[in-house]
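Data block below; observations after.
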Amino acid sequence: MPFRINGIETEVGGNLTIGRLLSERNIVPNIVVIQYNGKILRKELFDTTQIIDGDNIEILRFVGGG
């Protein structure tokens with residue numbers, strides 16, 4: 001199942017949710033924002049949103065500084 005993460009073509013097999021994707025990449029859900037197919041995904045939907053063929057996912061992290 002091909003999809004894109006931060007502009008990079010990625011492929012995985014089987015069912016995968018946004019929450020599981022973050023877990024597998026050791027990303028703490030509370031410190032990121034997910035843009036899922038162009039729209040911001042609410043955190044409470046991370047564990048129920050299935051990634052499907054052709055999805056475009058942006059994992060956004062905020063960085064402090066001046």
Side-chain angles (χ1 to χ4, degrees):
M1 165 182 65
F3 61 99
R4 297 178 72 83
I5 300 175
N6 293 353
I8 298 171
E9 192 75 26
T10 304
E11 182 138 359
V12 297
N15 294 331
L16 184 63
T17 64
I18 296 293
R20 186 166 165 212
L21 172 72
L22 295 176
S23 176
E24 289 181 357
R25 292 172 177 252
N26 295 319
I27 297 172
V28 177
N30 289 338
I31 64 168
V32 295
V33 171
I34 300 296
Q35 186 176 15
Y36 179 75
N37 294 328
K39 296 182 179 180
I40 300 300
L41 186 66
R42 295 188 332 238
K43 288 186 186 329
E44 59 266 25
L45 298 177
F46 285 5
D47 289 331
T48 57
T49 301
Q50 292 283 327
I51 298 171
I52 59 172
D53 189 17
D55 277 348
N56 188 18
I57 299 163
E58 297 287 331
I59 301 172
L60 307 169
R61 297 176 194 209
F62 295 99
V63 177

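Numbers here are sequence positions counted from 1. Remember, it's a predicted structure, so these values are computed and weren't measured experimentally. As a basis for the values below, the full set of heavy atoms in this structure was taken, side chains included, without hydrogen atoms, waters or symmetry mates.
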TODO: Let me see the working for Ile51 and Ile18 under side chain to side chain contact (heavy atoms under 4.5 Å, CB included), right down to the final yes or no.
DONE: CA-CA 7 Å; Ile51 298 171; Ile18 296 293; 3.8 Å; yes
- [ ] Check the pair Phe3 / Val12 against side chain to side chain contact (heavy atoms under 4.5 Å, CB included), numbers first and verdict last.
- [x] CA-CA 8 Å; Phe3 61 99; Val12 297; 3.5 Å; yes
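- Placement of Leu45 and Ile5 within a single hydrophobic cluster is found when ILVMFWY residues are connected by side-chain heavy-atom separations under 4.5 Å, directly or transitively.
- Between the OG1 atom of Thr49 and the CD atom of Glu44 there is a distance of 9.5 Å, given to the nearest 0.5 Å.
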Extract all donor-acceptor atom pairs below 3.5 Å that involve side chains of residues 52-66 and protein atoms in other chains or at least two apart in sequence.
residue: Asp55; atom: OD1; partner: Asn37; partner atom: ND2; Å: 2.9
residue: Asp55; atom: OD2; partner: Tyr36; partner atom: OH; Å: 2.7
residue: Asp55; atom: OD2; partner: Ile52; partner atom: N; Å: 2.8

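- Here the shortest heavy-atom pairing between Gly14 and Met1 reads O-CE, 3.6 Å.
- For the side-chain contact (heavy atoms from CB on, under 4.5 Å) test, residues two or more places apart in sequence or in another chain that qualify with Asn15 are Gln50.
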Atom pairs and distances, donor-acceptor, side-chain atoms in residues 24-35, under 3.5 Å, two or more places apart:
residue: Glu24; atom: OE2; partner: Arg20; partner atom: NE; Å: 3.1
residue: Glu24; atom: OE2; partner: Arg20; partner atom: NH2; Å: 3.4
residue: Gln35; atom: NE2; partner: Gly38; partner atom: O; Å: 3.4

